[in-house]
Amino acid sequence: AEKPAESVLDGVPRSIPALVEALKISKKAAGAGFEWPDIGGVLDKLQEESRELAEARQTQDQASIEYEVGDLLFTLTNLARFLRVDPEQALRKTNARFRGRFRHIEQSIAASGHTVQETPLERLEELWQEAKRGAATAPATENGHG
């Protein structure tokens, strides 16, 4: 039996977190010449993948939806790489901002004697925007979260 040819991607372990794996795969592929000439191509691909996800949602086929969400995540990872942004750190910082904003919502609602579940979505959105405005004026902490 013939041994399959080696790939530049063979060195990327499959045991690492998927976001890190996607970044390493895209770096290797780009290093081998499989790269967009400019960011416009990446943004076009992002729109294409978004359209394909919308189409998959219309079919209500969960396997197709999962496939397209994966493609969208991979393309976003490529976009981050292209912009020299570490997608893992970007997502961690977004998670921290979301936690802080959601905590603001919970505390605001608790102060009025209610719960998030019984609060109208419009009010939750108002509190979310309030938290965003507060974060915009708050100094960043040493870990980069505002």
Side-chain angles (χ1 to χ4, degrees), residues 1-110 115-119 121 123-146:
E2 263 187 58
K3 185 177 177 183
E6 290 189 22
S7 168
V8 296
L9 304 181
D10 287 346
V12 178
R14 295 183 179 168
S15 59
I16 59 179
L19 187 60
V20 176
E21 181 186 9
L23 181 60
K24 288 181 179 287
I25 287 171
S26 71
K27 282 181 179 180
K28 293 258 188 187
F34 192 61
E35 177 70 296
W36 287 279
D38 58 48
I39 195 166
V42 186
L43 294 172
D44 289 345
K45 186 66 168 178
L46 189 60
Q47 289 177 348
E48 173 189 324
E49 296 300 347
S50 292
R51 281 190 305 274
E52 290 176 3
L53 176 58
E55 291 167 9
R57 285 187 59 229
Q58 289 177 346
T59 69
Q60 298 183 351
D61 175 25
Q62 196 60 33
S64 294
I65 293 169
E66 179 183 20
Y67 182 96
E68 297 304 339
V69 167
D71 283 356
L72 194 54
L73 288 168
F74 191 83
T75 302
L76 284 169
T77 303
N78 268 293
L79 179 62
R81 177 188 54 79
F82 208 91
L83 294 171
R84 294 186 171 94
V85 170
D86 180 333
E88 180 71 22
Q89 289 306 310
L91 185 56
R92 286 192 185 283
K93 289 176 181 180
T94 293
N95 290 346
R97 284 192 309 273
F98 186 94
R99 286 174 183 267
R101 291 170 185 169
F102 195 79
R103 189 171 301 114
H104 171 80
I105 290 171
E106 290 174 316
Q107 291 171 347
S108 297
I109 291 170
T115 66
V116 172
Q117 293 86 353
E118 61 191 19
T119 303
L121 185 57
R123 178 63 181 141
L124 297 176
E125 181 60 26
E126 287 172 9
L127 291 168
W128 180 265
Q129 293 302 322
E130 182 180 289
K132 279 181 71 173
R133 285 190 302 275
T137 58
T141 61
E142 68 182 51
N143 63 2
H145 305 139

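Just so it is clear, the values below take in all heavy atoms, side chains as well, and ignore hydrogens, waters and symmetry mates.
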Which pair of heavy atoms, one from F102 and one from W128, lies closest together, and at what distance?
N-CZ3, 4.0 Å
Heavy-atom closest contact (V42 atom, W36 atom, distance):
CG2-CE3, 3.4 Å
Output for pair (T119 OG1, I105 CD1), nearest 0.5 Å, gives 9.5 Å
Can you see which heavy atom on A56 is nearest to which on E68, and at what distance?
CB-CG, 3.9 Å
Counting heavy atoms not belonging to E66, are there more than 12 under 6.0 Å from its CD?
no
To the nearest 0.5 Å, how far apart are CG in D44 and CG in D38?
8.5 Å
Interatomic distance, CD@E88 vs OG1@T77, rounded to 0.5 Å, equals 10.0 Å
Student check: side-chain heavy atoms of K28 and I25 closer than 4.5 Å
no
If you count the non-hydrogen atoms of other residues, nucleotides and ligands that lie under 6.0 Å from CD in Q60, is the total more than 12?
no
Heavy atoms only: give me the nearest S7-D10 pair and the separation to one decimal.
N-OD2, 2.9 Å
Value for NZ (K24) from CZ (R81), rounded to nearest 0.5 Å, stands at 13.5 Å
Does E106 form a salt bridge (Lys or Arg N to Asp or Glu O under 4.0 Å) with R103? I'd like the steps, not just the answer.
CA-CA 5 Å; E106 290 174 316; R103 189 171 301 114; 5.6 Å; no
For the atom pair CG (N78) and CD (E35), what is the distance rounded to the nearest 0.5 Å?
7.0 Å
Please test E48 against R51 for salt bridge (Lys or Arg N to Asp or Glu O under 4.0 Å), starting from the C-alpha separation and ending with a verdict.
CA-CA 5 Å; E48 173 189 324; R51 281 190 305 274; 5.4 Å; no
Could you measure the distance from the CG atom of L91 to the CG atom of D86? Nearest 0.5 Å is fine.
10.0 Å
Validation row: L19, P17 side chains within 4.5 angstrom (heavy atoms)
no
Taking every heavy atom of F74 against every heavy atom of S26, the minimum-distance pair comes out as CZ-CB, 4.2 Å
How about L53 and E49: do any of their side-chain heavy atoms sit closer than 4.5 Å?
no
Is the shortest heavy-atom distance from the side chain of L72 to the side chain of L46 under 4.5 Å?
yes
